[in-house]
Amino acid sequence: MLKSLTTFWKKWRASPSSGQQIDALLAHADPLAPLAQRNQWLIEVAHWLHRGGTLAPSDAGSLNPGSDSGAVKFPPHARLRYLLQLLDRNPVWKARCALTLRRILADSDTISLLCESGMPVHSGFIGALLERIQLNLIPPAPNSTDITALFTLMFTSADDALWVAALPDAILEKIGELFNHGIASDEKYAVGRLSRDLLTSIHTLVCQISATGLSGAVRTRLPGNRPEDAPFFQLGRAIEAVTLAHAAWSEAQLQAATIVLSAVPPAAAETAQAAAAQRAMQQVEVNLLKQRLLQQVNFLRILLDQCRIASRTIYSHLEENGVSVEIVFQIERMQTRIMRVEHLLEAWLSDHEMESRARLIAELITSNRASQSVTVLMRNTFGMLARKVVERSAETGAHYIAHDRTEYYSMLKMAAGGGLVTAFTVYIKFGVTGAHLQPMVEGFLAGLNYALSFLLMHFLHFTLATKQPAMTAPTIAHKLDDVDNAAGLDIFVTSVIALVRTQAAAIFGNLILVFPVCLLAQLGFAALFHGNLISPAKAHHTLESFSLLGPTPFYAAFTGVLLWSSSLLSGWADNWFALHRIGDVLTYNRRLRLVFGEAGAARIAAFWHRNVSGIVGNASLGMMLGLVPAILTAFAVPFEVRHVTLSTGAIATSIGVLGPKVLETPVFWWAVAGTVSMAFLNVLVSFALAFQMALRSRQLPKTDRRALNRAIWQRIGANPLCLLFPLANQAPSPEPKA
């Protein structure tokens, strides 16, 4: 055997033409070889089919002139047609290849491919990521009895699914003929085994779907109180009925075939009529049993549709009561299994057997490749993470969009209050940095200063402008659900304009108070105590550090990332609070009721329900703004926070220290330009990240971006002042009806 393989590889490498290469492959098909060698042979045949290049002219000319090979969309089709014709001209090769294929299937586990290929296994991101990296670095062994390994090695590209699904009927018929060529009645892999494997796989998947639907995590989130009313409970009986109906139909078919084969020419006309009547009655019974089988299959499909609908209702429950990634994983895997059952049923019952099985193989190729893709994992995991936090952020963000003048003036007042608090934050920050403490200690104190400042704004109902984009982006993304109609498109455009206008009002409100308060504080301190809150050198260095010509734009963009990250933590905290029903835990806590009474415990629960996301978001933002620069600097990665409101207060203080002459220096105007870039980048980066996350969480189809942009610019062109001020005191646009 080793000598034969060595000879084969020498011929393979020396072959000048693809036709000669496939000749060598087909000639060395060995049905008696070990499974590993048979699998390697089939892998090489598969690689020859979809390898680059074309057949040699002499090989291409050998194709049947009457075939439709002149216009081949997929090159593998031409190669496969040539291979089949080559086998027709060499009966010995054909017999050996057919027997080799059947023995590969006989010695392999096909149910694992049908049931498990492409199915998610790990609910955790790290476990799934490590598994996929391992699969990409270490290919499966070809001697495995799991046919999924052979499948992975044969079809190495997701594009293979395209040409497999598009195989012409003539080629499919020839492939079916090849599998059955020279089959013996005593072969281990019988003709009907694939049909039995399909039924076994359907049975297995249906049981798994039923088990997931009846699990406590899913069952308690389904509408209704009785488990026996759920479609998942009836799946077991339904698949058993399908199995029994199929067994009865198969037995009747076998009996009908036995009657036909055992029939001999009758001696009398009466005997002939009796035999014909018996065959007719048997055929009627076969047809009735087939109808019964189809009825049971249709009932099973109805139950699967009901299970799919029921699983969708769980998403509504999760969005209202908190999202669990583990539950989302189970639901998505269950939906994937339902889709796989539909594909298997089609391949099992279709009248066009080879065509339906080719589509099944194409679907298995796609699923198997997707289950090994790190990119697909990142996209799906990001979508689950987005779903986990975005819904709550959208509810919060709706309060940060001013649609009319009343809401606009209210936003200005809240932003002005935020600017006032920020003025004190700026001076405390100068005091912390002026103490020249150890970097981590300084970062912790700076973060504590920011966190307490932001929490004070939260409880006083003030606002910080650059915090809003990460909260408002999910609200805008929700408006995309209805942009396919005129009313929904109008609401989306109105919301975008209102968002831009609100952000401008918030930034203006912050700056209009933080600048004069910081400047007057420095001037007042100098008049009373004849000194400065910061040294002139510190003031000059502050202006230089804010210059647009330096790293300020990069720092401002990364600060936007931190602003977005705080919104993630805020949404996660709100989701965690709802998912674990912390409000109910606090309301009915025995100790809280003994100390504060029932009403007091309820008020405590209501307080945390209203404020948990705000407390976590503001505290985490403050600590990140203080600690992240210290941590990165410790790893030799320089970074400084560049926040537009804080920086404006620092510039105002520097003007008060250096005097009016600083306005005539270039360093001051470069610092002003840098601060303007902070305003854009803080808002733009945090909004873009939050908006993209919201889009992924909604799993929306791609809309016509040009039409959306055109509608927005048309609105702006008709009334440019709408970006700065609401011109009509009108109520917010109503939401579109579902």
Would you confirm whether [X], through its side chain, and [Y], through its main-chain N or O, come within 3.5 Å as a donor-acceptor pair?
X	Y	answer
Ser620	Gly617	yes
Ser250	Ala247	no
Ser210	Phe232	yes
Arg308	Gln335	no
Asn611	Phe607	yes
Arg219	Ala230	no
Thr587	Ala602	no
Asn39	Pro142	yes

Looking only at heavy atoms, what is the nearest atom pair of [X] and [Y], with distance?
X	Y	answer
Arg340	Leu205	CG-CD1, 3.5 Å
Ala358	Leu172	CB-CD2, 3.9 Å
Pro139	Leu137	CD-O, 3.6 Å
Gly583	Ala605	O-CB, 3.4 Å
Leu178	Arg102	O-NH1, 4.2 Å
Ser108	Ile147	CB-CB, 4.0 Å

Can you tell me how far apart [atom1] ([X]) and [atom2] ([Y]) are? Round to the nearest 0.5 Å.
X	Y	atom1	atom2	value
Glu363	Glu346	CD	CD	10.5 Å
Thr366	Leu162	OG1	CG	7.0 Å
Leu153	Leu42	CG	CG	10.5 Å
Leu150	Thr110	CG	OG1	12.0 Å
Asp305	Glu342	CG	CD	6.0 Å
His343	Leu360	NE2	CG	8.0 Å

(Q) Determine whether Leu199 and Leu344 satisfy the following criterion, side-chain contact (heavy atoms from CB on, under 4.5 Å), listing intermediate values before the conclusion. (A) CA-CA 8 Å; Leu199 178 57; Leu344 296 180; over 6 Å; no

Q | salt bridge (Lys or Arg N to Asp or Glu O under 4.0 Å) evaluation trace for Arg237 with Glu240 | A | CA-CA 5 Å; Arg237 291 196 296 265; Glu240 287 293 342; over 6 Å; no

Minimum side-chain heavy-atom gap [X]-[Y] below 4.5 Å:
X	Y	value
Met354	Phe179	no
Glu116	Thr148	no
Arg357	Leu198	yes
Leu304	Ile209	yes
Arg337	Thr212	yes
Ile175	Leu80	yes
Val612	Asp574	yes
Val242	Trp348	yes

Q. Under the side-chain contact (heavy atoms from CB on, under 4.5 Å) criterion, do Arg369 and Phe155 qualify, and how do the steps go?
A. CA-CA 9 Å; Arg369 296 300 304 172; Phe155 303 105; 5.8 Å; no

(Q) Please evaluate residues Trp608 and Ile582 with respect to the criterion side-chain contact (heavy atoms from CB on, under 4.5 Å), reporting the C-alpha separation (whole Å), side-chain torsions for both, the decisive distance (0.1 Å), and the verdict. (A) CA-CA 9 Å; Trp608 283 104; Ile582 305 299; over 6 Å; no

Q: Evaluate the criterion side-chain contact (heavy atoms from CB on, under 4.5 Å) for residue pair Leu167 and Phe74; output intermediate values, then yes/no.
A: CA-CA 9 Å; Leu167 281 170; Phe74 299 100; over 6 Å; no

Q. Do Asp146 and Ser144 get their side chains close enough for a donor-acceptor pair, meaning under 3.5 Å?
A.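 No, no side-chain donor-acceptor pair sits under 3.5 Å.
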
Q) Got more than 12 heavy atoms from elsewhere within 6.0 Å of OH, Tyr588? A)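 No, the 6.0 Å shell around OH holds no more than 12 heavy atoms from other groups.
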
Q: Name the orientation class of the two ring planes belonging to His77 and Trp163 (parallel below 30°, tilted from 30 to 60°, perpendicular beyond 60°).
A: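 The arrangement is perpendicular - the two ring planes meet at more than 60°.
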
(Q) Suppose we screen for side chain to side chain donor-acceptor pair (under 3.5 Å). Which residues come up paired with Arg292, at least two apart in sequence or across chains? (A)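 Residues passing side chain to side chain donor-acceptor pair (under 3.5 Å) with Arg292: none at all.
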
